[in-house]
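Below is one structure, written out as structure tokens; comments come after it.
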Number of protein chains: 4
Amino acid sequence: MSDKKTRILQATEKLLAMYGFHGISMQMVAKEAGVAAGTIYRYFEDKDDLLHQLHDHILSHVANKITQDVSDEMPLKKRFRTMWLNIWKMANQEDAPLINRGQFENLPRRQGQEQYQLEQKLFAKVNQLFDEGKASGQFKQLDNEILSVLSLEPSACLARKHVNGVFNVSDDARDAAIEACWDAITQH
Amino acid sequence: MSDKKTRILQATEKLLAMYGFHGISMQMVAKEAGVAAGTIYRYFEDKDDLLHQLHDHILSHVANKITQDVSDEMPLKKRFRTMWLNIWKMANQEDAPLINRGQFENLPRRQGQEQYQLEQKLFAKVNQLFDEGKASGQFKQLDNEILSVLSLEPSACLARKHVNGVFNVSDDARDAAIEACWDAITQH
Amino acid sequence: MSDKKTRILQATEKLLAMYGFHGISMQMVAKEAGVAAGTIYRYFEDKDDLLHQLHDHILSHVANKITQDVSDEMPLKKRFRTMWLNIWKMANQEDAPLINRGQFENLPRRQGQEQYQLEQKLFAKVNQLFDEGKASGQFKQLDNEILSVLSLEPSACLARKHVNGVFNVSDDARDAAIEACWDAITQH
Amino acid sequence: MSDKKTRILQATEKLLAMYGFHGISMQMVAKEAGVAAGTIYRYFEDKDDLLHQLHDHILSHVANKITQDVSDEMPLKKRFRTMWLNIWKMANQEDAPLINRGQFENLPRRQGQEQYQLEQKLFAKVNQLFDEGKASGQFKQLDNEILSVLSLEPSACLARKHVNGVFNVSDDARDAAIEACWDAITQH
DNA sequence: CATGAATGAGTGTTCATTCAT
DNA sequence: GATGAATGAACACTCATTCAT
């Protein structure tokens with residue numbers, strides 16, 4: 001990918017994290033990226049397109065991070081714990097500023113089949129985890145989306161509040177939270 | 001509260017739900033509320049203040065709704081279930097347009113001690129639920145905030161996706177989700 | 001008509017005459033009119049609307065000027081000569097800067113029935129002249145539009161070139177030109 | 001003339017006719033001409049120069065067309081009629097797109113002696129016609145410019161309105177208009 | 001010679017805010 | 001108190017022009 005395009009995306013992510021959705025203008029992005037305002041329009045159709053592309057860019061980054069060090073051979077629980085911690089770490093390493101600040105969800109999303117398939121592909125390993133869990137009888141028989149909301153979403157939510165200083169989460173509390181999430185999706 | 005001020009807040013909520021954050025201007029709010037543009041500035045310092053106050057306005061509405069039909073005499077589980085469903089219903093009854101559309105989180109939030117205390121007061125009954133649960137040994141020994149993220153947050157998250165059509169949640173699945181959230185916070 | 005609106009129209013006309021169609025911006029108009037840029041948009045929907053309204057504004061001014069001192073009792077030739085000279089004078093008195101500089105024709109024109117009827121009404125006296133001339137057998141049996149192109153258009157064209165200094169037209173030459181235009185439309 | 005320069009001029013004329021003065025940019029011209037944007041600046045100083053040169057380019061095309069099939073041996077009236085019809089035909093054959101659409105007059109014109117001499121040379125045959133007519137006593141003793149405005153200008157004006165659909169001109173009306181123009185410049 | 005990415009001043013337009021009435 | 005006309009800085013976006021390759 002062109003050097004300039006990357007710089008523009010990174011600048012946008014940074015500014016979005018700093019000032020939020022409503023606080024950034026194309027001129028600010030240009031300045032932060034070290035390019036002229038007009039240059040942005042060589043790489044992105046308009047502001048909407050820039051934000052859409054940033055969404056996809058981050059989504060694929062996130063998908064990669066989440067499934068890092070996860071292999072099909074690992075036992076279910078270990079896989080789950082790894083993913084949960086990957087999400088947690090992402091926030092705490094200031095690795096994905098937008099995620100940290102909860103601005104990512106607000107990014108304008110492209111609708112439609114295409115987008116859905118992209119997300120399915122990106123999060124294939126997550127779905128595989130849930131599918132195996134249900135097949136083996138360990139997990140509750142619920143849609144993957146619901147399982148995800150119950151077990152992984154809290155990781156992001158907690159991390160966000162932790163990093164924003166809303167409240168502190170100790171290592172012990174964190175490990176307990178992982179267990180709680182596991183409890184949420186497993187049969188009892 | 002002054003009639004005009006209420007009308008302005010309601011107009012803002014309606015427009016925010018209809019057009020999103022980007023799509024509203026002070027003139028639109030004025031028109032919708034049936035007042036002159038300048039009048040808004042009698043009741044709100046500036047646009048930011050209007051949005052902040054709207055945040056608090058909605059927050060207190062939400063707090064009321066969540067604890068509706070919840071009394072201290074009900075058993076823990078029933079109280080929890082009622083709150084969970086109150087959150088769920090709020091979204092599905094188009095009762096809180098901003099919540100439904102996920103615009104509420106984007107509202108600029110005041111930071112700081114003051115805001116924290118307001119939220120504590122509003123959600124006192126929720127905290128009481130968790131405190132009792134922990135005291136009786138039924139709940140895990142985790143901070144209330146963490147318990148909330150594990151058990152109530154998924155209700156809002158699920159409802160949002162359900163109402164936005166991201167995916168469908170049947171009545172059975174919903175009840176199973178409530179059980180799962182209960183599993184997350186209870187001891188095993 | 002609002003004072004500000006008039007000032008904006010006059011400023012536009014002046015700038016259009018000075019810099020031509022392509023040389024003016026809304027900010028220039030605002031500055032020349034002594035109003036803020038945003039004020040223009042209280043009176044005109046957009047730049048196009050401003051130009052359209054200027055067109056109509058000038059058209060009605062021109063129609064008034066052309067038929068000044070023309071009464072139905074005057075003999076045909078005197079009426080014709082008066083109109084011809086009214087056009088001529090308009091240019092030479094710097095009375096209608098846009099006409100002088102031939103920028104008027106370039107103004108974006110509204111199309112359609114409505115516009116046509118407006119023009120018919122404005123130039124009713126001109127049409128009446130041609131109709132009477134044809135009825136009495138003095139004029140050639142041609143459409144009023146054609147008679148107009150043959151006899152009055154040259155007045156504007158000549159005046160434009162005279163005032164722009166393309167060439168000089170003496171008083172005698174001007175009177176001869178009026179006779180020539182009369183020859184063009186009368187029977188021989 | 002360089003192949004590239006010709007292509008640029010033709011592209012400009014085409015785009016100007018299609019989109020009007022406002023609708024063309026140098027990048028569009030470059031694309032239409034099949035050259036890089038920077039290349040235009042090898043052949044033209046700037047946009048103004050391109051437009052000026054296009055003006056002259058078209059002017060010389062027009063001059064050629066007007067005097068087509070006109071020879072010194074033809075009687076005055078036949079020469080006049082031929083020129084009048086040449087102008088008429090140019091518009092109706094979609095031969096000179098800019099003329100047809102009235103965009104030609106808007107082209108920025110160079111002022112001054114030099115420009116005047118160019119036009120004199122281009123329209124030498126037209127001047128010759130008027131000079132002979134005056135010498136033989138057939139034409140009125142008026143400057144060639146005035147005679148031209150009285151007799152040839154109406155052809156262009158009529159053709160423009162005809163082609164733009166402002167009103168329809170039948171073949172009979174057109175012939176009558178030629179006679180009327182002849183009447184305008186001849187002695188009676 | 002030719003290219004086309006890059007520039008940045010400029011465009012038309014919006015809108016939070018003010019203030020004379 | 002309430003109004004709404006007026007403001008002008010800011011916005012997203014364009015485009016004539018340059019210059020390293």
Side-chain angles (χ1 to χ4, degrees), chain A residues 2-5 7-8 22-31 33-51, chain B residues 2-5 7-8 22-31 33-51, chain C residues 2-5 7-8 22-31 33-51, chain D residues 2-5 7-8 22-31 33-51:
Chain A
S2 152
D3 169 49
K4 290 242 162 83
K5 184 167 184 177
R7 266 159 56 204
I8 292 166
H22 313 295
I24 62 160
S25 70
M26 297 301 264
Q27 343 261 349
M28 281 172 75
V29 171
K31 202 174 171 188
V35 301
T39 303
I40 299 176
Y41 293 86
R42 292 205 77 71
Y43 299 101
F44 304 92
E45 236 160 76
D46 51 22
K47 197 182 185 181
D48 241 49
D49 186 41
L50 168 59
L51 265 8
Chain B
S2 150
D3 169 50
K4 290 229 164 99
K5 183 166 184 179
R7 266 157 57 202
I8 292 166
H22 289 323
I24 61 158
S25 66
M26 296 301 263
Q27 347 256 349
M28 278 173 77
V29 171
K31 202 176 171 186
V35 301
T39 304
I40 300 177
Y41 291 84
R42 294 245 152 244
Y43 299 100
F44 304 92
E45 227 161 85
D46 53 20
K47 198 183 187 182
D48 240 48
D49 185 41
L50 168 60
L51 265 9
Chain C
S2 151
D3 170 49
K4 290 243 162 81
K5 185 165 185 181
R7 264 156 60 203
I8 292 166
H22 313 294
I24 63 160
S25 70
M26 295 304 263
Q27 342 260 348
M28 281 172 75
V29 171
K31 202 174 172 189
V35 300
T39 303
I40 300 176
Y41 291 85
R42 290 206 76 71
Y43 300 101
F44 304 92
E45 233 160 77
D46 52 22
K47 197 182 187 183
D48 241 48
D49 186 42
L50 169 59
L51 265 11
Chain D
S2 151
D3 169 49
K4 290 230 163 98
K5 184 167 184 178
R7 265 158 55 203
I8 292 167
H22 288 324
I24 62 161
S25 67
M26 296 302 263
Q27 346 257 349
M28 279 174 76
V29 170
K31 202 176 173 188
V35 300
T39 305
I40 299 177
Y41 291 84
R42 294 247 151 245
Y43 299 101
F44 304 92
E45 229 160 83
D46 53 20
K47 198 183 188 183
D48 240 47
D49 185 41
L50 168 59
L51 264 11

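All values below were derived from every heavy atom in this structure, side-chain atoms included, with hydrogens, water molecules and symmetry-related copies excluded. Just so it is clear: chains get the letters A, B, ... in the order the sequence lines come, proteins before strands, and each one is counted from 1.
- A distance of 8.0 Å separates CZ in C:R42 from OG1 in C:T39, rounded to the nearest 0.5 Å.
- Across every non-hydrogen atom of D:A30 and D:A36, the tightest pair is CB-C, 3.9 Å.
- Shown are A:K4, A:M26, A:K47, A:Q27; of these, the side-chain contact (heavy atoms from CB on, under 4.5 Å) with A:I40 is made only by A:M26.
- Atom NZ in A:K31 sits roughly 14 Å away from atom C1' in F:dA10 (whole-Å rounding).
- In this structure, CG in B:L50 is found 9.5 Å from NZ in B:K5, a value given to the nearest 0.5 Å.
- For D:D49, the side chain to side chain contact (heavy atoms under 4.5 Å, CB included) partners at least two apart in sequence or on another chain are D:F44, D:E45, D:D46, D:Q53, D:R110.
- Spacing between atom CD1 of D:I40 and atom C1' of E:dC1 amounts to 15 Å, rounded to whole angstrom units.
- Comparing D:G34 and A:G34 against DNA chain E, the residue whose closest nucleotide sits nearer the 5' end is D:G34.
- Rounded to whole angstrom, the span from the CZ atom of A:F44 across to the C1' atom of F:dA12 amounts to 15 Å.
- Checking F:dA6, E:dA6, E:dG4 against every side-chain atom of C:K4, the shortest atom distance belongs to F:dA6.
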**Asked** Dot-bracket for DNA chain E: what is it, with Watson-Crick or G-U pairs under 3.5 Å, [ ] where a pair crosses earlier ones, and | for a pair to another strand?
**Response** .||||||||||||||||||||
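- A close approach under 4.0 Å does occur between a side-chain nitrogen or oxygen of D:Y43 and OP1 or OP2 of E:dA2.
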**Asked** When every nucleotide of nucleotides 11-21 of chain E is labelled 5' to 3' by its protein contacts under 4.0 Å (heavy atoms), B for base, S for sugar-phosphate only, - for none, what sequence of letters results?
**Response** SBBBSBBB---
